[in-house]
Amino acid sequence: MGVPEVVYRGENLASDLERAGLTEEDLLLLAELAKGVTADRVGRSLDVSGRTVRRRLRCICDRIGVATAIEAVAWAARRRLI
């Protein structure tokens, strides 16, 4: 079993972000989760439901190729996006 792609640093951080198609709002969501804020509380601050936040988080995970929210936060943090 190989090492997941998420642990590799990209050649260019901007191109990682561009390839992943993440928006500023996606990065804000990940930054709030990194602080330990719950999905429901993030939803209230963004005027959406917690369920919407979880759905968007699932889409973010799919775009960057990770399985969990923790991996998504780590992916963004490693690239100094959050």
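When reading the values below, keep in mind they use all heavy atoms of this one structure, side chains included, and skip hydrogens, waters and symmetry mates.
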Identify the two heavy atoms, one from [X] and one from [Y], that lie closest to each other, and give their separation to 0.1 Å.
X     : Y     : result
Ala72 : Cys61 : CB-SG, 3.9 Å
Leu22 : Asp26 : CA-OD2, 3.6 Å
Leu30 : Ala76 : CD1-CB, 4.0 Å
Val37 : Val42 : CG1-CG2, 3.6 Å

Any chain of hydrophobic side-chain contacts (each under 4.5 Å) joining Ile70 to Leu81?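 Per the 4.5 Å side-chain linkage, Ile70 and Leu81 are not co-clustered.
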Is Glu25 paired with Arg56 through a side-chain N to carboxylate O contact shorter than 4.0 Å?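 Judged by the 4.0 Å cut-off on N to carboxylate O distance, Arg56 and Glu25 do form a salt bridge.
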Leu28 vs Leu46 side-chain heavy atoms within contact, under 4.5 Å: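 Heavy-atom side-chain distance check passes, below 4.5 Å.
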Separation of Ile82 CD1 from Glu32 CD (nearest 0.5 Å):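 That separation rounds to 10.0 Å.
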Ignoring hydrogens and angles, tell me if any N or O in the side chain of [X] forms a donor-acceptor pair with the backbone of [Y] under 3.5 Å.
X     : Y     : result
Arg54 : Ala39 : no
Asp62 : Cys59 : no
Glu71 : Ala67 : yes

Inspect the surroundings of CZ in Arg58 and state if more than 12 heavy atoms from other residues, nucleotides or ligands are less than 6.0 Å away.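 Buried by this count: over 12 neighbours within 6.0 Å.
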